[in-house]
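Note that the numbering runs from 1 along the sequence shown for the chain.
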Amino acid sequence: MACIGCSLIAAAAAANQAWFDRHFLPSYWTPRQEIVRTELLIRIGVAAVGAAIVLLGRKLAPLLTREPLYLFTISLSVILAFGASELVLRQWRRGPHEFSNGGEPRSHLDARLGWSFDVSRTGSATHLGRRIAYTFDRNGYRVASAADTTDFDAPTIVFTGESIMVGHQLAWAETIAAQTSAMLGLQSANIAVSGFATDQAYLRLATELPRFRHPVAVVSLFAPSIFDRNLDDDRPHLGMGLVWLPPVPQWRLMALARRLLGYRSEETVERGAAVTREVLTATVRLARSRGAVPLIVVPQFEPEGQQERELRQRIIEDSHLPYVYVPLDPDDRIENDGHPDADGARTIAEAIADALRPELGRR
């Protein structure tokens, strides 16, 4: 017991900020300062637990020596507790409800993508007293109203990504796709799906882009602060060489612990960065093969941290991919939500329009 306590104290001392930065990725929802403060409190807590074990070990050791059955019963209780928890968690199916919780926009399971929006429906959600309508056409694209349809023969800017691109908690006219469309006078097609990682967005683009006869641009999104979801393998995903892989079976307790703690091995991070580079490169190549201008938009609430900057440089800049970096005012977040508000979406749309105008003007 003394060795266990000392090990915890040593681990708390060894887990400095550099170690945390290698194993815990930046968070879109939590400021860097808060993350660092939490990490410090965890180190202090682990050290305190280690010290308590060392001090209490002297009192517990004689008891365990006199009553060795306690070792068996305590161990059995722990094992049974983990087993019961695993059985309960296995009753919950992994699916769209994990990010939508039955709310809007509604989604359904998809064997190839993981999940996708329900088609041909309008749903609404209320946030801080404001009612937002989400309308999806028969293709699962977000549109202005049920009367709107996507013209596959018209020149179109195709937008792919996740909830930022979908326009979470934004009216249709406030979304990035709608505002960019108004600025450039071109039809937009918003094929983004909430909760998607970069590889899922690419798979959706690969399926939908051939339907458009005149795609003039493809705008995809990469945010270093949500890069962590690119490492998930408990959903359909792409591996090295862009090989499609089914979900990896996992113990639910382990998956839950990983999501709550956020720990990632260095090997997992490196592999995720390599696959993300491949995916974004393939996205650019796919757009160009259809004669469309590729553009990766990188929104970042200021200030950009060192981890975000390194991910952006390693994944995009070092690969010489076409992108536009968009610094956002921290005040341009939706209250009690975290997504860009209408002003933030407009800032992103303006950056996209400014980047595309010269390219489109040469056509």
Is the NZ or CZ atom of Arg333 positioned over Phe301's six-membered ring, under 6.0 angstrom from the centre and within 45° of the axis? yes
Are Arg213 and Phe152 in a cation-pi contact, defined as NZ or CZ under 6.0 Å from the six-membered ring centre and within 45° of the axis? no
Would you say [X] and [Y] make side-chain contact, with heavy atoms under 4.5 Å?
X: Val243; Y: Leu245; result: yes
X: Val193; Y: Trp115; result: yes
X: Trp172; Y: Asn190; result: yes
X: Val298; Y: Val324; result: no
X: Pro26; Y: Glu304; result: no
X: Tyr202; Y: Leu238; result: yes

Interatomic spacing from CD1 in Ile315 to CD1 in Ile296 - rounded to 0.5 Å: 10.0 Å
Is there a donor in the side chain of [X] and an acceptor in the side chain of [Y], or the other way round, less than 3.5 Å apart?
X: Asn139; Y: Arg211; answer: yes
X: Ser163; Y: His339; answer: yes
X: Asp137; Y: Thr150; answer: yes
X: Thr126; Y: Arg131; answer: no
X: Glu39; Y: Gln17; answer: yes
X: His108; Y: Asp118; answer: yes
X: Tyr323; Y: Arg312; answer: yes

Linking I/L/V/M/F/W/Y whenever their side-chain heavy atoms sit closer than 4.5 Å, directly or via other members, would Leu186 and Ile348 fall into one cluster? yes
Could you state whether Ile132 and Leu170 fall into the same hydrophobic cluster, counting links through intermediate Ile, Leu, Val, Met, Phe, Trp or Tyr residues with side-chain heavy atoms under 4.5 angstrom apart? no
In Arg235, Met165, Arg204, the residue satisfying side-chain contact (heavy atoms from CB on, under 4.5 Å) with Phe196 is Arg204
Can you tell me which residue among Ile9, Val54, Ile53 is in a side-chain contact (heavy atoms from CB on, under 4.5 Å) with Ile4? Ile53
Residues Glu162, Arg229; criterion side chain to side chain contact (heavy atoms under 4.5 Å, CB included); working and verdict: CA-CA 11 Å; Glu162 43 74 69; Arg229 69 175 57 165; 3.6 Å; yes
Given 3.5 Å as the limit, does a donor-acceptor pair link the side chain of Asp110 with the main chain of Arg112, or not? yes
Do you know the tightest heavy-atom contact between Thr175 and Gly167? CG2-CA, 3.9 Å
Would one find more than 12 heavy atoms of other residues, nucleotides or ligands at under 6.0 Å from atom CZ of Arg138? no
